[in-house]
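Numbers here simply count residues along the sequence, with the first being 1.
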Amino acid sequence: MSRDPLQSAERPAAAAPRGDAEAPFLELLARGASADAYEQPALLARAEGAPPGRVAALADARLLALRVRADLEGRRRREAELSALFETAHDLAGLRDLDAVLQAIVQRARSLLGTDIAYLSLNDPARGDTYMRVTEGSVAARFQQLRLGMGEGLGGLVAQTARPYVTDDYFQDDRFQHTTSIDAGVRDEGLVAILGVPLTLGPHVIGVLFAADRRARVFEREQIALLGSFAALAAAAIDTANLLTETRSAVADLERANEIIRDRSAVIERASEVHDRLAELVLRGGGVHDVAAAVGEVLEGTVEFTEADTAPSAPLEASRAEGHAVRHAGDWIAAVAAGDELLGALVLRGHPGLDPVDQRTLERAAMVTSLLLLARRSAAEAEQRVRGELLDDLLDAHDRDPRLLRDRAARLRADLDATHVVLAARLDGPAADADQEAGARRRLWSAASHLAATRHGLAAARDGGTVLLLPLTDGESATAVARRTARQLGTAVREAVTVGASAPVAHLAGRPDAVAAAYAEGRRCLDALRLLGRVGDGAAAEDFGFLGLLLAGDRDIAGFVDRTIGEVVAYDARRGTELLSTLDAYFACGMSPARTKDGLHVHVNTVAQRLERVGRLLGEDWQSPARALEIQLALRLHRLSAPGT
């Protein structure tokens with residue numbers, strides 16, 4: 001028969017051993033009583049007049065029992081946390097549905113931390129922000145649809161810094177940027193205390209895991225660590241799901257390609273032969289013309305690959321629309337297409353009679369040709385991106401390791417220790433609309449990237465045009481490179497391309513600012529060419545005489561302009577007058593007030609008054625030959641440096 005733990009308080013403390021004082025607390029521990037119940041043995045003993053020794057023993061035993069209880073609760077809590085982590089890891093190992101795994105993670109995080117709500121957001125690289133992916137315990141629709149910019153709100157700060165952040169009172173915390181939309185969502189949800197930890201894959205933050213309460217609360221270090229463990233599992237789940245998706249997509253792509261190549265080949269010997277030969281060609285790295293030659297041998301005829309603009313248009317369009325080879329006079333034409341894009345055609349010459357098997361063979365060859373062309377394009381685009389990234393790093397990241405830069409350049413067959421010229425290129429043809437302009441810029445970048453690859457240089461899109469880094473051969477000048485590049489790019493894009501070149505620069509990997517400074521010089525030469533009306537041409541600073549001395553290097557152009565005509569510029573800015581335009585017209589008209597008034601469409605007295613004001617601002621000798629030359633040069637440089645010129 002069990003004994004009431006409170007009855008032990010009736011025995012005299014002096015006569016009872018220490019174990020008797022601890023006995024009621026052991027029974028409380030055994031049945032998992034609340035912390036308040038541990039006060040009862042001592043209170044009952046005092047109420048019954050137990051000796052002080054007995055009361056003191058019970059008090060000591062209570063403290064010991066509470067420590068044991070706290071230790072047991074901590075162990076149970078850690079066991080529950082480990083169990084939840086193991087269960088989550090088990091879910092991850094058998095991952096089938098990413099949403100289900102993420103939902104389980106936030107549910108367990110909310111349960112173990114005892115919060116009102118838990119939720120998870122993921123970064124959106126395309127939009128540059130982070131958005132809600134999974135919530136548990138949320139009741140506000142606006143909160144569930146929140147998007148946080150990087151650095152906005154507590155979550156945006158976590159996503160930006162890759163560090164955990166916790167706030168006891170969200171609306172009183174000024175460590176992060178409050179926005180109207182985020183604060184409104186948090187207010188709708190009624191949140192006060194929020195803990196957020198980053199979801200990281202390697203050095204990259206992909207999202208944030210949160211736990212939050214609708215009351216003020218202090219999150220303990222162990223709770224922050226626990227949420228971080230769940231965040232690590234969530235990141236692993238997302239990475240695994242992405243890899244599975246990519247794998248399935250790759251397998252599906254391979255299966256589709258294999259189906260195209262092997263369609264009906266099992267029952268057709270000649271088609272099987274073509275398949276084997278084409279596969280061998282692809283594995284050996286053969287090209288489009290190799291495929292055409294192989295198919296010609298199988299079909300006992302001449303097969304040629306032609307560009308889309310040189311093939312007969314009507315049968316080519318018919319072949320693309322029907323998806324089959326079509327007869328044209330004594331030839332057969334099979335369109336080489338990828339989706340809606342027409343890449344060219346395979347033409348079987350002088351073979352008017354073609355059975356269905358041979359027709360299918362020609363069609364398969366066209367499909368393989370399209371895959372080869374797309375693969376070649378993808379490889380070229382990938383190399384273009386890599387070249388552009390390296391040039392961007394040379395232009396922007398001045399703290400890069402020179403050894404790593406040289407290694408990256410060597411893999412692209414570029415030598416950063418050789419002498420180079422930095423070229424700034426821009427289209428100067430008219431554009432009907434924004435889409436046409438964007439298409440022209442893409443063509444310019446593609447042509448520049450191809451030119452850079454063939455010249456063992458680099459190219460990148462920048463500032464509405466392109467920048468190229470090309471090696472300079474012995475005996476070649478920067479001017480020659482600029483003019484040849486303008487001509488080649490203009491021919492490739494069929495529009496006028498203007499190119500400004502820097503002076504030759506060498507040892508780029510070891511000189512952090514050399515490329516950026518050279519690009520700035522090339523831009524100035526480009527702007528000078530456009531200002532002088534020499535669109536579609538190429539030039540370097542050496543081509544501009546005294547003006548070139550100011551365009552090259554780090555000359556203080558702004559200081560020269562300010563010293564020469566700064567008073568006139570400031571006067572126009574303050575008063576809204578037109579002294580600068582009057583000076584331009586005056587010099588353009590051979591310093592004749594009569595012709596100047598015709599050019600400006602004003603009265604001659606107005607011209608005289610303006611020139612008088614100019615004289616007071618610049619000094620009485622402003623029309624002397626030396627001063628006039630400096631003023632004209634300053635006027636031209638001012639126009640060159642003005643926005644939009």
**Q** Tell me the closest heavy-atom pair linking Ala231 and Val197, and the distance in Å.
**A** CB-CG2, 3.7 Å
**Q** Quick check against the 3.5 Å criterion: does Thr498 have a side-chain atom that pairs as donor or acceptor with the backbone of Gly536?
**A** yes
**Q** Check the pair Leu148 / Val208 against side chain to side chain contact (heavy atoms under 4.5 Å, CB included), numbers first and verdict last.
**A** CA-CA 11 Å; Leu148 294 76; Val208 181; over 6 Å; no
**Q** Tell me which one of Val421, Leu451, Leu458, Val481 satisfies side chain to side chain contact (heavy atoms under 4.5 Å, CB included) with Leu468.
**A** Leu451
**Q** Report the C-alpha distance between Arg523 and Tyr519 in whole Å, list the side-chain angles of each, state the deciding distance to 0.1 Å, and finish with yes or no for side chain to side chain contact (heavy atoms under 4.5 Å, CB included).
**A** CA-CA 6 Å; Arg523 283 286 308 278; Tyr519 173 56; 3.5 Å; yes
**Q** Check Leu472 against Pro504 and note the closest heavy-atom contact, atom names and distance.
**A** CD2-CG, 3.6 Å
**Q** If you compare all heavy atoms of Leu470 against all heavy atoms of Gly457, which two are closest, and at what distance to 0.1 Å?
**A** CD2-CA, 4.4 Å
**Q** Answer yes or no: is there an ion pair linking Asp584 with Arg639, defined by an N-O contact shorter than 4.0 Å?
**A** yes
**Q** If you measure from CE on Met150 to CD on Glu152, what distance do you get to the nearest 0.5 Å?
**A** 10.0 Å
**Q** May I ask you to test the Val422-Glu521 pair for a side-chain heavy-atom distance under 4.5 Å?
**A** no
**Q** Less than 4.5 Å apart, any side-chain heavy atom of Thr419 and any of Val505?
**A** no
**Q** Could you tell me whether the side chain of Leu348 reaches within less than 4.5 Å of the side chain of Thr302, counting heavy atoms only?
**A** no
**Q** Considering only distance and modelled atom types, tabulate donor-acceptor pairs under 3.5 Å from the side chains of residues 486-493, sequence neighbours left out.
**A**
residue: Thr491; atom: OG1; partner: Arg487; partner atom: O; Å: 2.9

**Q** Do Val205 and Leu199 have side-chain heavy atoms sitting under 4.5 Å apart?
**A** no
**Q** Considering non-hydrogen atoms only, spot the tightest contact between Ala424 and Leu526 and give its length.
**A** O-CD2, 3.9 Å
**Q** Taking the side chain as everything from C-beta on, heavy atoms only, tell me whether Tyr131 gets closer than 4.5 Å to Leu122.
**A** yes
**Q** So, the side chain of Arg455 versus the backbone of Pro471: is there a donor-acceptor pair under 3.5 Å, distance only?
**A** yes
**Q** Is there a side-chain contact between Arg483 and Asp537 (heavy atoms, below 4.5 Å)?
**A** yes
**Q** Taking the side chain from Arg426 and the backbone from Asp463, do they hold a donor-acceptor pair closer than 3.5 Å?
**A** yes
**Q** Shortest non-hydrogen contact from Cys525 to Ala540?
**A** SG-C, 3.7 Å
**Q** Kindly say whether Val561 contributes a backbone atom to a donor-acceptor pair with the side chain of Thr564 at under 3.5 angstrom?
**A** no
**Q** Please name all residues satisfying side-chain contact (heavy atoms from CB on, under 4.5 Å) with Ala335, sequence neighbours left out, ordered by chain then number.
**A** Leu316, Ser319, Arg320, Leu342
**Q** What residues form a side-chain contact (heavy atoms from CB on, under 4.5 Å) with Ala482, not counting sequence neighbours?
**A** Leu423, Val499, Ala501
**Q** By salt bridge (Lys or Arg N to Asp or Glu O under 4.0 Å), which residues pair with Arg462, not counting sequence neighbours?
**A** Asp392, Asp396
**Q** Are the side chain of Thr200 and the backbone N or O of Pro203 linked by a donor-acceptor pair below 3.5 Å?
**A** no
**Q** Is any side-chain heavy atom of Leu580 closer than 4.5 Å to a side-chain heavy atom of Leu635?
**A** yes
**Q** Kindly write out the residues that satisfy side-chain contact (heavy atoms from CB on, under 4.5 Å) with Thr473, not counting sequence neighbours, or none if the list is empty.
**A** Glu476
**Q** On a heavy-atom basis, which atom in Ala159 and which in Asn123 lie closest, and how many Å separate them?
**A** CB-OD1, 3.8 Å
**Q** Could you pull out all residues at least two apart from Asp99 that satisfy salt bridge (Lys or Arg N to Asp or Glu O under 4.0 Å)?
**A** Arg133
**Q** Going by side-chain hydrogen bond (donor to acceptor under 3.5 Å, both in side chains), name the residues that satisfy it together with Ser121, two or more places apart in sequence or in a different chain.
**A** Thr130
**Q** Who passes side-chain hydrogen bond (donor to acceptor under 3.5 Å, both in side chains) against Asp415, sequence neighbours left out?
**A** none
**Q** In chain order, what residues pass the salt bridge (Lys or Arg N to Asp or Glu O under 4.0 Å) check against Asp239, with sequence neighbours excluded?
**A** none
**Q** Taking the side chain as everything from C-beta on, heavy atoms only, tell me whether Val347 gets closer than 4.5 Å to Val303.
**A** no
**Q** Looking at residues at least two apart in the chain, or sitting in another chain, which of them share a side-chain hydrogen bond (donor to acceptor under 3.5 Å, both in side chains) with Arg147?
**A** Asp124, Asp129
**Q** Can you list the residues that meet the side-chain hydrogen bond (donor to acceptor under 3.5 Å, both in side chains) rule with Arg442, with sequence neighbours excluded?
**A** none
**Q** Glu495: what forms a salt bridge (Lys or Arg N to Asp or Glu O under 4.0 Å) with it, not counting sequence neighbours?
**A** Arg443
